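Following this message is one structure expressed as structure tokens.
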Amino acid sequence: MDATRKPLRIPPAMAVYAEEHGVFDIIQKMVEKVLVDRPEDPIQYMIDHLSNDNDDVPRVFILGPPASGKHTMAKLLCKRLNATHLTPENVLSSDVSLLVKEAQSYRDKGQEVPDELWAKLMRERLSQVDCIKRGWVLEGFPKTRDQALMLQMAGVCPGHLVVLDAPDIVLIERNMGKRIDITDGVLTFVLSKQRSLAPHTPRILLYGPPGSGRSLQASLLAQKYGIINICCGQVLKEAVADQTKLGELIQPYIENDQQVPDNFVLKILTDHLSSLESAKHGWVLHGFPQDTDQAALLKDAGFMPNRVFSLDLSDDVVIERLSLCMTDPVSGERYHSIYKPAPRSEVQERLQQNPKYSEEKVQARLDAYHANADELEEFYQDVIHINADQDPYTVFEFIESYIVSPLPKSLPEEPTSP
């Protein structure tokens, strides 16, 4: 390997485009179909696959014992999703193909239809236009493991598997005419996106008032998931400490506690956000942007987060958290008058307050935050609000749940009667 080559820089816009348009998922699904179907002309096959535009149609197996509600649930799903309802019986009566005639001949003799023939029948039915364009819900099949394996070998795999179950006493009551209790849980599950095996790079933005715990949450995310933690204030200080050219330019602003010009900040952040590590592992950014002008600069540079979290905290709680915080100049330990008081009176007597945590300065920072918060939310739109006035690990669990799972799709509206 040539040691003189420059480090790889991934254009951020390229990764964003690929993720937002599902390029990885499309390629993955096409390769799966080619490997299963093994067409003579794979290129034309992939072209036809793309033209069908049916990767997101429902493909559902509904299984369960008698009286578990399979039929009712299948009809409900087909109505809501406009999908084709299939059962072993209607597959055998759907047309008069050679496969159907062969299966009927077994039944006429009082024999079971072989599993291999069932798999061919299902594949033939699912390859018809209505199933390709609208999707399908297959009720009550497969019934055995061998049938499931035959379907897999024939290239028939569901996007979602629903197994309805209940205690025997409940099933007996239902079979005697009791009303079936159907919830929206199955519908929500079927509408949920499958976990993609395609590369997903977290690009997380945390914002909120001072004292809302952004730094701690970013640190927890970085520790657990290997995401690159980019704190705006910290990277500016590092640039000064490393005596880089930009660091020398911003040093007077840092030393005089003045705001660093946005163009300098963006250049330093770009070095971190576009690094190979950030492109590979993802990033969590906090401390920037603080207004819509900065957000626009970040967007124009090609850095758009795919999760934006607002850590919400009332002004009273912010002032209580920060203005009552003190530091021991001897040990460097931080204490809080309410949540973590000094252990001894001699420690308490030597505690000092950071000037930026005075109540007046905290209130000024709050006013600056509130002046831009609403516009920032409009800029990013899909902001996820988290109540930050709780245990930090509870806050982390909420954030984590939105990162590891896809954002939910909205339920389709009930079809109206003509």
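Model, not experiment: these values are computed from the prediction.
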Do other residues, nucleotides or ligands put more than 12 heavy atoms under 6.0 Å from the CD1 atom of Ile338? yes
Inspect the contact between Glu400 and Lys224 and indicate whether a charged nitrogen and a carboxylate oxygen are less than 4.0 angstrom apart.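 Between Glu400 and Lys224 there is a salt bridge, with a charged N closer than 4.0 Å to a carboxylate O.
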Would you say Trp118 and Pro88 make side-chain contact, with heavy atoms under 4.5 Å? yes
Counting only heavy atoms from other residues, nucleotides and ligands, does the tally under 6.0 Å from NZ of Lys340 exceed 12?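 Buried by this count: over 12 neighbours within 6.0 Å.
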Donor-acceptor check, side chain of Ser278 to backbone of His272, threshold 3.5 angstrom: yes or no? yes
Picking from Leu285, Val308, Leu311, what satisfies side chain to side chain contact (heavy atoms under 4.5 Å, CB included) with Tyr207? Val308
Applying ring pair (Phe, Tyr, Trp, His ring centres under 6.0 Å), which residue pairs with at least one partner in residues 69-98 are found, sequence neighbours left out?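 Qualifying pairs: His71-His85.
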Which pairs of donor and acceptor atoms, one on a side chain in residues 209-221, lie under 3.5 Å apart (sequence neighbours left out)?
| from | atom 1 | to | atom 2 | distance (Å) |
| --- | --- | --- | --- | --- |
| Ser212 | OG | Pro209 | O | 2.8 |
| Gln217 | OE1 | Phe396 | N | 3.4 |
| Gln217 | NE2 | Pro392 | O | 3.0 |
| Ser219 | OG | Gln223 | NE2 | 3.2 |

Taking Asn354 for the side chain and Tyr357 for the main chain, is one N or O donor matched with an acceptor at less than 3.5 Å? no
Under a 3.5 Å distance rule, please check whether Arg307 uses its side chain to pair with a backbone N or O of Ile204 as donor and acceptor.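 Not a single qualifying donor-acceptor pair exists.
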Can you confirm whether more than 12 heavy atoms, excluding those of Asn263, are under 6.0 Å from its CG atom?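 Counting neighbours around CG of Asn263, more than 12 heavy atoms of other residues, nucleotides or ligands fall under 6.0 Å, so yes.
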Side-chain contact, heavy-atom cut-off 4.5 Å: Arg334 with Thr327? yes
Flag the pair Glu375 / Asp291 as yes when at least one side-chain heavy-atom distance between them is below 4.5 Å, and no otherwise.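 Counting from C-beta outward, Glu375 and Asp291 never come under 4.5 Å.
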Glu359, CD atom: more than 12 neighbouring heavy atoms under 6.0 Å: no
Using a 3.5 Å distance criterion without hydrogens, assess whether the side chain of Lys70 forms a donor-acceptor pair with backbone atoms of Gly64. yes
Which residues share a ring pair (Phe, Tyr, Trp, His ring centres under 6.0 Å) with His336, sequence neighbours left out: Tyr339
Any idea which heavy atoms bring Ala119 and Leu151 closest together, and the distance?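 Residues Ala119 and Leu151, closest heavy atoms: CA-CD2, 3.9 Å.
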Do other residues, nucleotides or ligands put more than 12 heavy atoms under 6.0 Å from Gln259 CD?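 No - once you tally the heavy atoms of other residues, nucleotides and ligands closer than 6.0 Å, there are 12 at most.
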Using a 4.5 Å cut-off on heavy atoms from C-beta on, say whether the side chain of Gln290 contacts that of Tyr369.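 The answer is no; the side chains never approach within 4.5 Å.
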Is a side-chain N or O of Asp374 found less than 3.5 angstrom from the main chain of His370, in a donor-acceptor match? no
Under 3.5 Å, side chain of Arg59 to main-chain N/O of Cys157, donor-acceptor pair present? no
Heavy-atom side-chain proximity of Asn387 to Asp312 below 4.5 angstrom: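 A side-chain contact under 4.5 Å is absent here.
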Could you tell me whether Glu112 atom CD has more than 12 heavy atoms of other residues or ligands within 6.0 Å of it?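 No, not enclosed.
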Which residue pairs satisfy the salt bridge (charged side-chain N to carboxylate O under 4.0 Å, His left out) criterion with at least one member in residues 363-373, sequence neighbours excluded?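 Sorted pair list comes back empty.
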Closest heavy-atom contact between Leu63 and Gly140? CD2-C, 4.1 Å
Given Arg125, which of Thr84, Asp130, Asn90 fulfils the side chain to side chain donor-acceptor pair (under 3.5 Å) condition? Asp130
Per-pair distances, 0.1 Å, donor-acceptor, side chain in residues 232-251, under 3.5 Å, sequence neighbours excluded:
| from | atom 1 | to | atom 2 | distance (Å) |
| --- | --- | --- | --- | --- |
| Thr244 | OG1 | Ala239 | O | 3.3 |
| Thr244 | OG1 | Gly247 | N | 2.9 |
| Gln251 | NE2 | Glu255 | OE2 | 2.8 |

Given Glu377 and Ser310, is the side chain to side chain donor-acceptor pair (under 3.5 Å) satisfied, shown in steps? CA-CA 9 Å; Glu377 180 160 356; Ser310 172; 5.8 Å; no
Applying side chain to side chain donor-acceptor pair (under 3.5 Å) to Ser314 and Asp316, what does each step give before you reach the verdict? CA-CA 5 Å; Ser314 69; Asp316 290 342; 5.4 Å; no
What pairs with Phe61 under ring pair (Phe, Tyr, Trp, His ring centres under 6.0 Å), at least two apart in sequence or on another chain?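 Counting only residues at least two positions away or on another chain, Phe61 forms a ring pair (Phe, Tyr, Trp, His ring centres under 6.0 Å) with Trp136.
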Hey, does Ile384 have a side-chain heavy atom less than 4.5 Å from the side chain of Phe398? no
